[in-house]
Asks: 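Please read through the structure below; I'll follow up with questions.
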Amino acid sequence: MSSKSSHKLVLFFAISCLLLQEKFTEASVLCKESEKKALLEFKHSLQAMDSSGDDALFLWETEECCFWRGVECNILTGYVEILDFSLQSWVVAGTISPSLLKLHHLTSLNFNNNDFNGSLIPEVFGSLKKLKLLDLSNANFRGPIPSLLGNLSMLETLRLGEVDLSFTNLSNANDWSQVISHLPLLQKLSLRHRDLPSISSSSLSLANSSISLTYLDLSDNNLPSSAIYPWLFNVSSNLVSLNLSSNKLKGPIPEAFGNMKAIQELYLNDNLLVLAENQVRGDSGLNEIGKLPDFRVLDLGYNLLNGPISKSIGQLSNLHVLRLAGNFFDGDVISEAHLSNFTNLQVLDLSSTSLTLKFNTGWIPPFHLSQMMLCSCKLGPRFPDWLLANMDFRLGLEYLDISALGISDSLPYWFWDSLYGLRYLNMSFNQISGTFPNKSIHISHLDLSSNNFSGPLPHFSLDFGAIGRFGTINLSRNKFNGSVSPICNITNKVPLALLDLSNNQFSGVVPDCFHSFRSLTALNLGDSSFSGSLPSSLGSLTSLEMLSLHGNKFSGELPLYLQNCTELKFLDLSDNELSGEIPMWLGQRLSSLVFLSLQRNQFRGRIPHQLCELKYLQILDLSVNKISDSIPPCLKNFNSMAKKVSLDRRIFELHLFDQPYVRSLIDVRYVDEALITWKGTKQNYPQLGLLLAIDLSCNKLTGEIPEELISLQELVALNLSRNFFTGKILQKVGHLRHLEVLDLSRNKFSGNIPTSLSELTFLSILDLSYNDLSGKIPTSTQLQGFDPSSFSHNRGLCGPPVSPNCSMVEPPPGKPAVGGEKDSDDQFMKWFYICMGLGFVVGFWGFCSVVFFMRSWRHSYYRYLDSAKDWVYVSFVLLKARLVRRIKGLSTRSGLIRTATEGDISCT
């Protein structure tokens, strides 16, 4: 009996397989004609282009629609179930055709990473009854969330995270929570960065219908606590991941979070949360969260948390990620008692908290971290030996940030041997000393800046899978020496984006091997002793945005190949020995420049008019050169100085990569600090994005200041000192209302000081000294507050602060005014010189005429000249004889023979 049953079972399965195969064959060969027509109608309303600019949907003309790109059918029925336009190498635009409604079996619709040009979210989506996934993120949709989406009762995943709602008044769109409440099967919802309005009280009664919601992201919406908490704590008891970061949550951490029994990940960073007194003691709040059995991620970074951290935080024994960065725990101490139960901890971020870390000698952490961030904690002065337990490459430490910990110790011998496996290492801003080992350093991101490291460079190998897409090396502000030729041996399976070797003791010629680093974004070799010409391979760095070679001994003219670096925004070649004329291609080819400094070189010639094409330029420093001629009026084309521009034009902070670790960002930022003359002294100015300056001082410029300069109304600093400018100071200089620094000293400016100068209320540095200015100094609390030296060596200036009053400005009746008196003096001097010249001509030629025409007078005159000559000769001979006798007498008495000339030399 059992044998017959088994035979029947085998026969049943065989028949079923044949039927399934027939169904599959039919579906794979035949496409539903009605759905094919619907897809073709849908295609006609779209424009889809691939990376080459060709039609990405050109294959949508074949018979089998189930094989079309982006289309997936059920293998049994042949009905279209999935339309996915997110995973293709194309961009889809256009409009959404209602023909989608003819795809009755559609369950997944994905338009992620496309461009629908800010069109409204189509209401047709709300009629696709069988949809389980709808992804409109990063697709450039806008407008309110259609209420019809609430009809999608089978929807499990809704992603609207990057839908553009910026052009819609959302203050009245209070029904977004009701839409969600009508989706009982919804599991994942992302409404990140949507500027959502507060939830109305009428929505609260419907909240419990979203019982399936497990993932909720409401970050970056500025939602206040009162708007979100009442709805949130009723929306679902099954939430596993909740992201409320970057909102306006205030006050203590609610105890109700402890009632979310399924919660595993909680992101509350970038809010205004505080610790209540009972939470500091560990009685509630965090204590309630600590009782949750599967709680794994706690992110409270960048809030207003302060006070001591309770040891009860150790109850979170299953915690994988703990982030308290950016809070105010100044003076609090973290010991092993806080961390002893964290056996599962993988990510620890205590950076920027000022916490003091005190661990007993020989302490071995119970956890094996993959990421450890302790920046700006207090850990020094000894190097922490307990790091050794976490640096075993078999345990997976990839990211280590121990910058600014106050460590002033030598690097332990075991450190470089344990480095293998580490991808990111930041030990900057300490006083750590040591040298590189004589072997390859395998790492993707290395920052040892601002320490006491010394010795030659090693061989770097960037062959690990990087955190992010690029590698970085920053060794600035140390004592490394020798040649930099080892950079030519860097193996970079990961492209190198940043190389900073500035402020070291390197010397010699920079090797010509940069063609190997075509992805380089920032290169800084400043403040060393490099010499020779600039390497030609710099021209191969077509992705370069920042090039700083200041403070070296580079010589020669600016090489033509630098014009290939068309992405340059920051170019600092100051303090070198470069010469020649400023090339025209600087303005023509490097049109993205924001910062340009050629200070302290030997450039000559005129300022090329092509430089005016740098419309994004914020800082122009051509000071201390040999530049001549006049200022080109076209400088008015510096748009960034003429009108307010968005801050994204002011790029000096390079975000080289960002990579999520459990939905928090790890960024590598690089900010270059340019050495500029600011407010009279040379200093590093790190916030270059806030400074708009022109410095043409210490050159040979001539002529008048062009009136067009007044159009640069956002200018903050203007230095034209130590040139040969003439004429008057611009009468409308007061229109430069943001000026903080104005230096026109040591020129040949004349005339009065413009009264509009008193309107510069932000002016803090003013120098008009060593000119030919005259008249009364305009009256204002601003100008009279400057030191008198700001106006010194102008003979015609009067009034405070140079003198108590200016009596010549308002002369009594009947007397000429100051300007009239000066004019009369000029007239007198003119006639004086005329009369003196006429008197000389009449006297000289009168005497010559008498001597020429009267023989007796002429003979008497010649006899007088002969007698005078004889008298001079006899007197000279007698004086010489007398002097010789005196010298011989002196030599006899002293026994020394010296000439008069020798005696003079000895006195000196």
Asks: Quick check on side-chain contact (heavy atoms from CB on, under 4.5 Å): which of Ile253, Asn269, Asp270 does Leu300 satisfy it with?
Replies: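 Among Ile253, Asn269, Asp270, the one that satisfies the side-chain contact (heavy atoms from CB on, under 4.5 Å) with Leu300 is Ile253.
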Asks: Measuring from Phe329:CZ to Ile334:CD1, what's the distance to the nearest 0.5 Å?
Replies: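 Taking CZ in Phe329 and CD1 in Ile334, the distance rounds to 8.0 Å.
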Asks: Do the rings of Phe141 and Phe111 sit parallel, tilted or perpendicular, given the 30° and 60° boundaries?
Replies: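 The arrangement is perpendicular - the two ring planes meet at more than 60°.
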Asks: Any donor and acceptor pair, going by atom type alone, linking the side chain of Asn243 with main-chain N or O of Ser245 inside 3.5 Å?
Replies: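 Here the side-chain-to-backbone pair exists.
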Asks: Just wondering, do Asn430 and Leu405 contact through their side chains at under 4.5 Å, heavy atoms?
Replies: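 A side-chain contact under 4.5 Å exists here.
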Asks: Counting heavy atoms not belonging to Ile364, are there more than 12 under 6.0 Å from its CD1?
Replies: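 Not more than 12 within 6.0 Å, no.
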Asks: Run the side-chain hydrogen bond (donor to acceptor under 3.5 Å, both in side chains) check on Ser241 and Glu265 step by step: do they pass?
Replies: CA-CA 5 Å; Ser241 178; Glu265 302 176 1; 3.1 Å; yes
Asks: With rounding to the nearest 0.5 angstrom, report the CG to OG1 distance, Leu242 to Thr214.
Replies: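 If I round to the nearest 0.5 Å, the distance is 11.5 Å.
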Asks: Ring centroid separation for Phe257 and Phe295, is it under 6.0 angstrom?
Replies: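 No, too far apart.
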Asks: Please check this pair: side chain of Thr107 against backbone of Glu81, looking for a donor-acceptor N/O pair closer than 3.5 Å.
Replies: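 Checked: pair present.
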Asks: Over 60° means perpendicular and under 30° means parallel, so tell me whether Phe415 and Phe383 are parallel, tilted or perpendicular.
Replies: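 If you compare the ring of Phe415 with that of Phe383, the planes turn out perpendicular.
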Asks: Please determine, by modelled atom types, if Ser543 and Ser519 share a side-chain donor-acceptor pair under 3.5 angstrom.
Replies: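 No, no side-chain donor-acceptor pair sits under 3.5 Å.
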Asks: Is there side-chain contact between Leu499 and Phe460, with heavy atoms separated by less than 4.5 Å?
Replies: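 Counting from C-beta outward, Leu499 and Phe460 never come under 4.5 Å.
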Asks: Under a 4.5 Å cut-off applied to non-hydrogen side-chain atoms, are Leu298 and Leu319 in contact?
Replies: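 In short, these two side chains touch, coming nearer than 4.5 Å.
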Asks: Return the set of residues passing side-chain contact (heavy atoms from CB on, under 4.5 Å) with Asn344 (not counting sequence neighbours), or none when no residue passes.
Replies: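 Scan of Asn344 (side-chain contact (heavy atoms from CB on, under 4.5 Å), adjacent residues dropped) gives Asn318, His320.
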Asks: Tell me whether the rings of Phe480 and Phe453 are parallel (<30°), tilted (30 to 60°) or perpendicular (>60°).
Replies: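 Because their plane-to-plane angle is under 30°, the rings of Phe480 and Phe453 count as parallel.
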Asks: For Asp447, enumerate each residue passing the side-chain hydrogen bond (donor to acceptor under 3.5 Å, both in side chains) test, keeping only those at least two apart in sequence or located in another chain.
Replies: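 For Asp447, the residues satisfying side-chain hydrogen bond (donor to acceptor under 3.5 Å, both in side chains) (neighbours in sequence not counted) are Ser449.
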Asks: Is there a donor-acceptor pair under 3.5 Å between the side chain of Asp217 and the backbone N or O of Ser219?
Replies: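 Side chain of Asp217 to backbone of Ser219: a pair is present.
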Asks: Apply side-chain hydrogen bond (donor to acceptor under 3.5 Å, both in side chains) to Ser376 and list each qualifying residue two or more places apart in sequence or on a separate chain.
Replies: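 None.
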Asks: So Cys377 and Thr353, do their side chains get closer than 4.5 Å, heavy atoms only?
Replies: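 A side-chain contact under 4.5 Å exists here.
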Asks: Check the orientation of Phe359 and Trp363. Use parallel for under 30°, tilted for 30 to 60°, and perpendicular for over 60°.
Replies: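 Geometry flag for Trp363 against Phe359: parallel rings.
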Asks: Please report the interatomic distance OG(Ser433) to CG(Asn478), rounded to the nearest 0.5 Å.
Replies: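 Going from OG on Ser433 over to CG on Asn478, the span is 10.5 Å.
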